[in-house]
Amino acid sequence: MLATKEDLLNVITSNNLTYHQKLMCLGNSAERLFDPRELLGYTDEEWEYINNQMICDLNEGYAIYRPRYIIPDYEVYINNGCKFLSLPAPTDLDEALDGLLILYTHVPSVTTYPVFIGHLDTLLDRFVTNEDTDYIKIKRFLNHIDKMIPDSFCHANIGPKETLAGRLILKAIIELQNPTPNMSIKYNKETTSREFAELAAKACLLVSKPSFANDEYYKSDLGDYALASCYNALPLAGGAYSLTRLRLGTIAKAVKSADDMVNNLLPKVAKLALSTMDKRHKFLVEKSNYFNVDFLTKEGFIKRENFTSMIAIVGLADAVNFILNLEGLNETFGKSKRGDEIATAILDKLKEVNDAHTGVYVERTNNHYLLHAQVGAGLHDEDKNNTPAHRVKVGQEPMLLEHLKQSAPFHKYFPSGTGDLFAFDQTYTDHLDAVVDIIDGAFALGYRYITTYLKNTDLIRVTGYLVKKSEVEKYRKGEAVLRDTTWYGSQTDDNAQVFDRSLRDEANVKGE
């Protein structure tokens with residue numbers, strides 16, 4: 001949406017934003033001072049469907065001067081150093097940690113902070129020589145990141161192979177209990193040792209990270225990839241120019257039937273969204289000069305040809321529930337065979353429309369954009385009508401096994417990321433084998449990504465990112481808080497009650 005001078009003044013005079021948060025908000029508002037019909041060539045119809053909230057551009061801005069998500073290959077620094085920053089290739093752990101911290105301050109994103117900080121275990125393992133002293137250094141490094149990058153869209157990867165550095169990282173995140181960095185383990189039942197998987201599962205229960213990513217599944221779709229931001233799977237040494245989402249719950253309120261949704265309004269809105277993305281890409285690549293100027297491109301950390309973009313959905317459950325009501329069925333998504341049929345038809349049509357569209361400057365993903373299951377935001381009242389991604393609405397969840405079977409078929413649609421979350425009780429910390437069995441079972445059913453956490457912890461996974469509930473309460477009282485993701489967590493909980501997910505205490509589930 002367009003910004004105004006009043007928006008700028010509201011940021012400047014805010015009494016619950018820190019200095020750096022004001023800088024970020026002012027920058028975003030400046031990008032949105034430009035009318036995209038004039039700057040980017042949006043049509044009046046495209047602009048109409050942004051303003052009626054069916055298309056949401058996440059307030060990215062229109063005078064775009066850097067990609068939304070950048071996924072550097074940090075091995076370039078480990079092997080070659082960085083000429084622009086006068087950093088030689090590191091020769092020990094101290095130099096590696098120091099150089100990475102310096103690099104991170106120069107990796108932008110839509111949040112101004114880096115959304116990917118590397119495959120930390122493989123980057124660091126070669127330098128680990130003393131478990132006791134190097135643990136202290138790695139723990140200090142991770143704590144530094146949490147305070148230097150106060151944004152839990154910042155994401156690290158570990159795995160799939162067990163390393164000493166990986167074990168030290170897991171030990172440190174459990175002890176620190178910090179929201180940042182977000183973290184995923186690339187998990188492969190055949191490659192990841194059971195002991196390492198159970199240690200990761202313990203960390204996931206206690207501090208809501210790392211989430212488990214189905215490594216083989218993602219590699220088959222994307223080749224060399226990384227998990228960034230919430231759980232976005234993107235090409236390594238590339239990233240995503242942009243992310244535009246369709247509010248399916250909002251779209252559904254304007255239809256008369258499932259057929260009207262699938263064959264009329266949805267494809268119309270999707271085509272308009274894809275067209276706006278084309279225009280954004282052209283401006284970013286051809287006019288902003290980001291890729292011509294930035295040292296990350298010049299030194300090989302990223303390549304323009306490795307970038308793509310995401311066309312995303314929210315509100316599948318809301319759309320399905322609305323259409324079930326139109327059909328006179330007192331059923332809800334997650335517990336309805338007809339609901340699953342409607343959801344499948346919606347996603348099949350969206351995939352068909354996207355597959356038929358030739359994207360701009362996205363050679364790496366075969367000239368197509370990637371479907372994404374977006375976690376939600378609090379940008380407009382319509383977000384209250386759009387549950388994150390394809391997730392079942394809180395309070396309407398089926399039992400665990402049924403939930404896994406119901407949600408797994410939808411993961412195949414989203415090569416750039418999707419995920420489901422399950423809150424467990426304290427007893428699971430004594431049964432880590434059962435947690436890994438559940439993850440194995442989910443992956444056998446077709447899951448791409450799964451995460452767990454203990455419902456009674458302060459550090460909680462909201463959707464794809466983490467917040468401390470205690471910090472959310474401070475924000476709700478009008479106090480300034482360190483992390484901008486605390487705002488988003490508060491908004492998403494207000495909209496989707498994510499702090500109140502059903503507790504999972506059912507019997508173990510195995511992939512048999």
Side-chain angles (χ1 to χ4, degrees), residues 60 64 66-79 103 107-111 114-120 122-123 153-160 182-188 211 213-244 274 277-278 280-281 284-285 290-291 294-312 351 354-355 357-374 411-419 448-449 464:
E60 280 188 355
I64 315 153
R66 58 14 198 151
R68 179 182 180 90
Y69 297 136
I70 294 175
I71 316 297
D73 181 357
Y74 292 102
E75 286 284 348
V76 172
Y77 162 65
I78 299 297
N79 294 327
L103 264 174
V107 178
S109 76
V110 71
T111 69
V115 295
F116 177 65
I117 57 172
H119 297 90
L120 287 185
T122 56
L123 287 172
F153 294 127
C154 167
H155 204 123
N157 292 182
I158 61 172
N182 197 350
M183 191 173 292
S184 295
I185 176 172
K186 292 182 172 183
Y187 176 69
N188 182 325
S211 299
N214 190 334
D215 189 42
E216 284 302 308
Y217 201 167
Y218 278 119
K219 283 198 298 187
S220 68
D221 279 339
L222 295 175
D224 289 337
Y225 77 101
L227 281 306
S229 187
C230 292
Y231 48 58
N232 305 334
L234 293 167
L236 185 65
Y241 301 115
S242 182
L243 190 163
T244 295
L274 291 166
M277 293 168 69
D278 294 342
R280 296 171 67 81
H281 293 185
L284 177 58
V285 173
Y290 174 80
F291 293 103
D294 197 83
F295 78 92
L296 294 173
T297 302
K298 292 182 176 180
E299 298 193 32
F301 289 91
I302 60 174
K303 296 180 181 178
R304 204 282 306 155
E305 294 80 5
N306 285 337
F307 278 76
T308 187
S309 267
M310 296 175 283
I311 177 72
K351 182 178 185 302
N354 187 55
D355 287 349
H357 181 82
T358 301
V360 175
Y361 292 119
V362 287
E363 307 93 309
R364 176 65 169 72
T365 50
N366 300 314
N367 299 310
H368 295 300
Y369 302 142
L370 299 178
L371 290 181
H372 179 68
Q374 207 265 337
H411 282 230
K412 68 183 179 184
Y413 293 98
F414 303 106
S416 69
T418 183
R448 287 183 183 273
Y449 197 85

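As a basis for the values below, the full set of heavy atoms in this structure was taken, side chains included, without hydrogen atoms, waters or symmetry mates.
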Fill in the blank from the handout: Here the pair of heavy atoms bringing Ala240 nearest to Met310 is CB-CE, 3.8 Å
Handout entry: Separation of Leu227 CG from Tyr225 OH (nearest 0.5 Å)
Key = 5.5 Å
Handout entry: Nearest-0.5 Å distance, CG of residue Asn182 to CG of residue Asn157
Key = 9.5 Å
Problem - Asn367 CG: over 12 foreign heavy atoms closer than 6.0 Å - result: yes
Practice task
For residues Pro108 and Leu296, report the shortest heavy-atom separation together with the two atoms involved.
Solution key: CD-CD1, 4.3 Å
Handout entry: Full working for side-chain contact (heavy atoms from CB on, under 4.5 Å) between Thr297 and Phe291
Key = CA-CA 6 Å; Thr297 302; Phe291 293 103; 3.7 Å; yes
Handout entry: Side-chain heavy-atom pair Tyr74, Val107 within 4.5 angstrom cut-off
Key = yes
Problem - Ring centres under 6.0 angstrom apart (Phe307, Tyr69) - result: no
Practice task
Could you give me the CA-CA distance, side-chain angles and deciding distance for Phe301 and Leu103, then say whether side-chain contact (heavy atoms from CB on, under 4.5 Å) is met?
Solution key: CA-CA 11 Å; Phe301 289 91; Leu103 264 174; 4.1 Å; yes
Handout entry: Donor-acceptor pair, side chain of Tyr231 and main chain of Ala373, under 3.5 angstrom
Key = yes
Problem - Cys154 side chain reached by Ile117 side chain, heavy atoms, under 4.5 Å - result: yes
Problem - Electrostatic pair Arg304:Glu363 at N-O distance under 4.0 angstrom - result: yes
Practice task
Indicate yes or no for a side-chain donor-acceptor contact from Arg364 to the backbone of Leu222 under 3.5 Å, with no hydrogens or angles considered.
Solution key: yes
Practice task
Kindly say whether Ala237 contributes a backbone atom to a donor-acceptor pair with the side chain of Asn306 at under 3.5 angstrom?
Solution key: yes
Problem - Cation-aromatic face contact Arg448/Tyr218, 6.0 Å, 45 degrees - result: yes
Problem - Flag, side chain of Glu60 to backbone of Ser242, donor-acceptor distance under 3.5 Å - result: no
Problem - Between His281 and Tyr369, ring centroids under 6.0 Å - result: yes
Problem - 4.5 Å side-chain heavy-atom contact, Pro415 and Tyr217 - result: no
Handout entry: Heavy-atom pair with the smallest gap, counting every atom of Leu243 and Ala312
Key = CD2-CB, 3.9 Å
Problem - Closest heavy-atom pair and its distance - Tyr449, Cys230 - result: OH-O, 4.0 Å
Practice task
Write down the atom of Pro160, the atom of Asp215, and the distance for their closest heavy-atom approach.
Solution key: CG-OD2, 3.7 Å
Fill in the blank from the handout: Rounded to the nearest 0.5 Å, the NZ atom of Lys186 sits from the NE2 atom of His119 at a distance of 3.0 Å
Problem - 4.5 Å side-chain heavy-atom contact, Ile302 and Ile71 - result: no
Handout entry: Tyr241 (side chain) donor-acceptor with Arg66 (main chain) under 3.5 angstrom
Key = no
Completion exercise
Between the CZ atom in Arg68 and the OG atom in Ser309, the distance rounded to the nearest 0.5 Å is 9.5 Å
Handout entry: Nearest atoms (heavy-atom pairs only) where Leu370 meets Ser416
Key = CB-CB, 3.5 Å
Exercise for the section: Mind running side chain to side chain donor-acceptor pair (under 3.5 Å) on Thr418 and Tyr413 for me, showing each step along the way? Expected result: CA-CA 9 Å; Thr418 183; Tyr413 293 98; over 6 Å; no
Problem - Aromatic centroids of His155 and Phe116 separated by under 6.0 Å - result: no
Practice task
Drop me the distance from Asn366's CG to Thr308's OG1, to the nearest 0.5 angstrom.
Solution key: 9.5 Å
Handout entry: Pair Lys298 + Asp294: basic N to acidic O under 4.0 Å
Key = no
Handout entry: Check: Ser109 side chain, Thr111 main-chain N or O, donor-acceptor pair, under 3.5 Å
Key = yes
Handout entry: From NE2 (His368) to NE2 (His357), nearest 0.5 Å
Key = 9.5 Å
